[in-house]
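Notes follow once the structure below has been shown.
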Amino acid sequence: MDKERVSQDYVAEVLDTCLKAGRLMIEGGSETYRVEDTMMRIARNAGIAGARCFTTPTGIFMSLGEHSYTQVTQVKKRNINLELVDRVNELSREFAAKEITLKELQERLKQVSISIPDFPIWLQIIGAAILSPTLMVLFMDDYDWIDFPAAAVIGGVSYALYLAIKRYTNIRFLAEMVTAIFMGIITILTCKIFPKLVVDNILIGSLMTLVPGVAITNALRDLFGGDLLSGMARTTEAILTAIALGGGIGIAIKLLWGVM
Amino acid sequence: MPFWLEIIINIVFAWLASVGFGLIINVPHRALFLCGISGSAGWILYWLANRIGVGRLGSNLLGALCVGILGLVFARIKKCPVTVFNIPGVVPLVPGVPAYQAVRAMVEGQLSDAEDLILRVAIVTIAIAMGFMLAQLIGEIFFKKRQNRKNKKNLV
């Protein structure tokens, strides 16, 4: 009797750990098949056969076959943080190689979820400032060095604004739209002051920091992999982000083009 | 501008763009350099293919295929998930220009132009996804033999 109870506690613990790992991976922006694979692997390595799970971008269901345990977890926030995916993957691999025990795995997952490993914010802004002008040159293919510094500054500043807005609001797509409006206005004003600059080039470059390329890639990956539900959910998310960006830019252009 | 200089600029800028995006989405430190490599390899292949006139779908497919295969190889070297290399690597291929132009056309009220451009975005996106799927297929065929041998060894 006592032994059975211990084993039931153990099973509950395994289920908890699997769900936590899966939730962290979805929050980090992993593909669905990888999330399911990692969760099943943790369950198998913990010595439980016949686990089943069903993963969507907003929630995970998992049941452990022979034992009558099923649990659900919600995924509230999703941003892209590949370091998180990599950490969880690493921990699962260490657990598979029996380098850490289940208790340690749980402890480490908790640590990762509390202090999410992140590049410092200034480095992210510098990343945006590098990305915008280089992509502008690549895309336009006409090597205009006049727009280069302008695109760098506007890309960096608007990404900083995006991060700041995202910290204060829970409404999805609002940060993207406000940033796009700001980006459009600041670009058009800069081009009024320095008439040699080209509005389209700068906007294309700096918008690339916010374009949902990752979401679309992941969505198609899921759709082709057979996870139709998560594929559709992610496609919708990507399309809504694109609409927010396009709408913001459109509003800015309409407003200022009319005035000036 | 001489041709070799153009190639160098393209390679370096594609590397910088991929690493810049890697900084934004928090790629693990040890993978950052190789992310840039896969980005610039994919972009230069796309650029050259576009130059010889392979066409939009074909050159995007080639670029994405290159990124996907390099991602598989790098993932084995660095022991990271493949996504870590694929997402920053594909950034230069993302159809940002037609997407922007579509919005622009829509704002100016030229809806039929906007439709054309949106269709172009869809085609490029599908080409990229097909490239990734092909890369995975090749990877599975190539690595399966080794995996089988390993499994047999483990069983014995």
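Quick note on labels: first sequence line is chain A, next is B, and so on, each numbered from 1. Fair warning: this is a prediction, and the values are worked out from it, not measured in the lab.
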Check: So which bits of residues 80-88 of chain A come within less than 4.5 Å of chain B, counting non-hydrogen atoms only?
Finding: A:Ile80, A:Asn81, A:Leu82, A:Glu83, A:Val85, A:Asp86

Next item on the list: Determine the option with the most heavy-atom pairs under 4.5 angstrom with chain A, choosing from B:Ala14, B:Ser18, B:Ala17.
Entry: B:Ala17

Check: Applying a criterion of heavy atom separation less than 4.5 Å, what residues of residues 120-129 of chain A form contacts with chain B?
Finding: A:Leu123, A:Gln124, A:Gly127, A:Ala128

Item checked: Contacting region of B:Ala99 [heavy-atom separation from chain A under 4.5 Å] -> neither

Next item on the list: Counting only heavy atoms closer than 4.5 Å, note whether A:Asp200 contacts chain B via side chain, backbone, both or neither.
Entry: both

Item checked: Approximate separation, where rounding is to 0.5 Å, of B:Ile25 CD1 and A:Phe119 CZ -> 10.0 Å

Notebook entry, point to check: Checking heavy atoms, do the side chain of B:Val12, its backbone, both or neither come under 4.5 Å from chain A?
Noted result: neither

Notebook entry, point to check: Do A:Lys254 and B:Glu108 come close enough that some side-chain heavy atom pair is under 4.5 Å?
Noted result: no

Next item on the list: To the nearest 0.5 Å, tell me how far B:Tyr100 OH sits from A:Leu207 CG.
Entry: 7.5 Å

Next item on the list: Could you walk me through whether A:Phe148 and B:Phe13 pass ring pair (Phe, Tyr, Trp, His ring centres under 6.0 Å), step by step?
Entry: CA-CA 12 Å; A:Phe148 200 85; B:Phe13 276 22; 5.8 Å; yes

Item checked: Proximity breakdown for B:Val107 and chain A, heavy-atom pairs closer than 4.5 Å -> both

Margin query: Quick check on the interface: out of B:Thr125, B:Val90, B:Ile128, who has the most heavy-atom pairs with chain A under 4.5 Å?
Written below: B:Thr125

Check: With a 4.5 angstrom heavy-atom cut-off, which part of B:Phe21 approaches chain A: side chain, backbone, both or neither?
Finding: both

Note to self: Under a 4.5 Å cutoff for heavy-atom pairs, which residue among B:Thr83, B:Val94, B:Ile126 has the most contacts with chain A?
What the structure shows: B:Thr83

Margin query: Quick check for you: to the nearest 0.5 Å, what is the distance between B:Met130 atom CE and A:Phe224 atom CZ?
Written below: 7.5 Å

Notebook entry, point to check: How far apart are the closest heavy atoms of A:Leu135 and B:Pro92, and which atoms are they?
Noted result: CD2-CA, 3.8 Å

Next item on the list: Tell me, with the steps shown, if B:Val91 and A:Leu131 meet side chain to side chain contact (heavy atoms under 4.5 Å, CB included).
Entry: CA-CA 10 Å; B:Val91 160; A:Leu131 170 77; 4.1 Å; yes

Next item on the list: Could you tell me the separation between the CD1 atom of A:Ile130 and the CG atom of B:Leu23, rounded to the nearest 0.5 Å?
Entry: 6.0 Å

Check: Where does A:Ile249 contact chain B at under 4.5 Å (heavy atoms): side chain, backbone, both or neither?
Finding: side chain

Check: What distance separates B:Met133 CE from A:Arg221 CZ, expressed to the nearest 0.5 Å?
Finding: 5.0 Å

Item checked: chain A contact via B:Val84 - which portion, at a heavy-atom distance below 4.5 Å -> both

Margin query: So, taking the atom named CG in A:Leu138 and the one named CD1 in B:Ile11, what distance separates them when rounded to the nearest 0.5 Å?
Written below: 11.0 Å

Margin query: Report which part of B:Gln101 has an atom under 4.5 Å of a heavy atom belonging to chain A: side chain, backbone, both, or neither.
Written below: neither

Item checked: Engaged part of B:Ile87 at the chain A interface, taking heavy atoms whose separation is under 4.5 Å -> side chain

Notebook entry, point to check: Under a 4.5 Å heavy-atom cutoff, which of B:Gly96, B:Pro81, B:Ala129 has the most pairs with chain A?
Noted result: B:Pro81

